[in-house]
There are 2 protein chains.
Amino acid sequence: MELQKGKERFIQSWGAFGSSWGINRTMAQVHALLLVSQESLTAEEIMEELQISRGNANMNVRTLIDWGLVYKDLKPGERKEYFVAEKEMSQVVKKIITERKKKELEPMIKILDEISSVEGVCKESEEFCKVVSDIKLFASKADTMLDKLVKADSNWLIGTFLKMVK
Amino acid sequence: MELQKGKERFIQSWGAFGSSWGINRTMAQVHALLLVSQESLTAEEIMEELQISRGNANMNVRTLIDWGLVYKDLKPGERKEYFVAEKEMSQVVKKIITERKKKELEPMIKILDEISSVEGVCKESEEFCKVVSDIKLFASKADTMLDKLVKADSNWLIGTFLKMVK
DNA sequence: CGCTAAATTCAATACTTATTGAAAGTATTG
DNA sequence: CAATACTTTCAATAAGTATTGAATTTAGCG
């Protein structure tokens with residue numbers, strides 16, 4: 001496998017994981033493409049490389065920018081926009097955690113709070129009350145932990161992993 | 001909101017999060033229903049409660065059993081199967097982590113290894129090599145960390161959360 | 001065994017989510 | 001300010017995923 005094949009493999013695999021991650025497949029491919037590109041790319045180039053439509057390219061680049069995983073790289077004297085990926089991997093990890101937490105964890109905690117704040121639930125059904133409060137306990141711990149990871153400096157991020165695994 | 005409404009809300013919300021989690025919506029609802037049921041339920045009862053077909057109920061219960069989140073509760077003298085949820089929440093968390101890791105993390109590490117094991121990648125493109133090995137670093141750390149969480153005893157699970165967040 | 005209740009399978013179908021591409025919008029240039 | 005180069009939007013459509021339910025298989029019982 002030579003370099004070009006390696007890059008293609010990476011792009012295609014990153015896209016496939018996107019799906020199993022609840023992340024749009026094409027968005028993940030665009031991200032992968034920008035990650036392995038030396039130079040920043042135009043919308044045209046992304047469309048060409050990934051064989052996707054203009055609208056699709058635009059929408060997914062925009063979402064990546066919203067996530068903070070891609071930046072606009074405006075070149076003086078050039079009218080069109082170039083896009084470049086955030087390549088500091090600790091930043092990438094933090095930003096993915098932030099977005100997934102927002103979508104997967106926070107709304108859940110909100111609803112668990114609503115359910116368990118109801119008067120008399122624990123009196124009426126100890127079992128239901130316990131299920132809800134146990135889930136809340138784990139969800140809150142996970143939430144706090146992920147917050148710390150995201151707010152910490154980059155060395156701390158990997159350092160925390162190390163601390164946990166030893 | 002009285003108890004019954006609370007349970008319904010819980011089932012419906014757990015189902016919605018399932019989706020944003022890459023977990024089948026109905027499977028999550030079946031899980032929620034069993035979590036909040038005092039008694040173990042038959043396929044019929046699940047179909048009835050969630051208004052789903054026999055096939056659907058069967059498939060999702062089976063997947064939950066594969067995940068170790070639900071058990072068969074066979075009653076002597078009764079021909080039909082009853083299903084009951086694992087209610088120890090630390091077990092539930094461990095089992096969900098195990099399955100999501102298997103689907104979301106392990107295949108990724110495998111492919112990153114394949115890509116980076118190729119001769120000359122680093123010579124040909126320092127940048128690509130760095131991207132791949134940085135991702136590998138984080139993925140492996142996460143993998144090891146999750147392994148520890150899953151193998152540890154239940155007190156350690158919540159204890160580790162606490163250790164991290166202080 | 002054969003009968004029957006229950007579980008499972010799977011092709012057809014419904015539902016959900018992503019993609020296209022032409023039309024509309026916006027900004028730069030001469 | 002009109003021509004142009006590019007970006008964004010969005011309704012139509014395609015692709016992907018989940019669900020149904022009738023047909024099939026499996027297992028308990030006399």
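So that the names make sense, note that chain A is the first sequence line, chain B the second, and so on, each numbered from 1.
Sorted by residue number, the list of members of residues 29-41 of chain B with any non-hydrogen atom under 4.0 Å from DNA chain D is empty.
For the pair B:K75 NZ and D:dG28 P, the computed distance is 18 Å after rounding to whole Å. Rounded to an integer number of Å, the gap from NZ of B:K80 to C1' of D:dC29 is 15 Å. Atom-to-atom, NZ of B:K72 to C1' of D:dA27 comes out at 11 Å; the value is rounded to the nearest Å. Counting to the nearest Å, the P atom of D:dT7 and the CD1 atom of A:I65 are 11 Å from each other.
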Acceptor/donor pairs from residues 59-67 of chain B side chains to any protein atom, 3.5 angstrom cut, sequence neighbours excluded:
residue : atom : partner : partner atom : Å
B:N60   : ND2  : B:N56   : O            : 3.0
B:N60   : ND2  : B:N56   : OD1          : 2.8
B:T63   : OG1  : B:M59   : O            : 3.0

Considering only distance and modelled atom types, tabulate donor-acceptor pairs under 3.5 Å from the side chains of residues 23-34 of chain A, sequence neighbours left out.
residue : atom : partner : partner atom : Å
A:N24   : OD1  : A:T26   : N            : 2.7
A:N24   : OD1  : A:M27   : N            : 3.1
A:H31   : ND1  : A:W14   : NE1          : 3.3

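Through direct or relayed side-chain contacts under 4.5 Å between Ile, Leu, Val, Met, Phe, Trp and Tyr, A:Y71 connects to A:V84.
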With both pairing distances under 3.5 angstrom for Watson-Crick or G-U wobble, and | for a partner in another strand, the correct string for DNA chain C is ||||||||||||||||||||||||||||||
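One finds no side-chain N or O of A:R62 lying less than 4.0 angstrom from the OP1 or OP2 phosphate oxygen of D:dT7. Taking side-chain N and O atoms only, A:N58 has a distance below 4.0 Å to OP1 or OP2 of D:dT8.
Evaluation of the disulfide (SG to SG under 2.5 Å) test over residues 76-108 of chain B, restricted to residues two or more places apart or in two chains, returns none. Residues in residues 86-139 of chain B take part in these disulfide (SG to SG under 2.5 Å) pairs, two or more places apart or across chains: B:C122-B:C129. Residue pairs that meet the salt bridge (Lys or Arg N to Asp or Glu O under 4.0 Å) test with at least one member in residues 126-135 of chain B, sequence neighbours left out, are A:K87-B:E127, B:K130-B:D134.
Under the rule for a salt bridge (Lys or Arg N to Asp or Glu O under 4.0 Å), B:K80 has no partner lying at least two apart in sequence or in another chain. For B:K102, the salt bridge (Lys or Arg N to Asp or Glu O under 4.0 Å) test picks out B:E99, with sequence neighbours left out. By the salt bridge (Lys or Arg N to Asp or Glu O under 4.0 Å) test, A:E106 pairs with A:K101, sequence neighbours left out.
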Summarise how protein sits on nucleotides 12-30 of chain C as a single string, 5' to 3': B when a protein heavy atom is under 4.0 Å from the base, S for sugar-phosphate-only contact, - for no contact.
------SSBB-----BB--
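Between A:R9 and B:E114 there is a salt bridge, since a side-chain N of the basic residue sits under 4.0 Å from a carboxylate O of the acidic one.
Within 4.0 Å (heavy atoms only), B:E81 reaches sugar-phosphate atoms of the nucleic acid but no base atom.
Note that B:K72 lies outside the cation-pi zone of B:F83, set by a 6.0 Å cut-off to the ring centre and a 45° limit from the axis.
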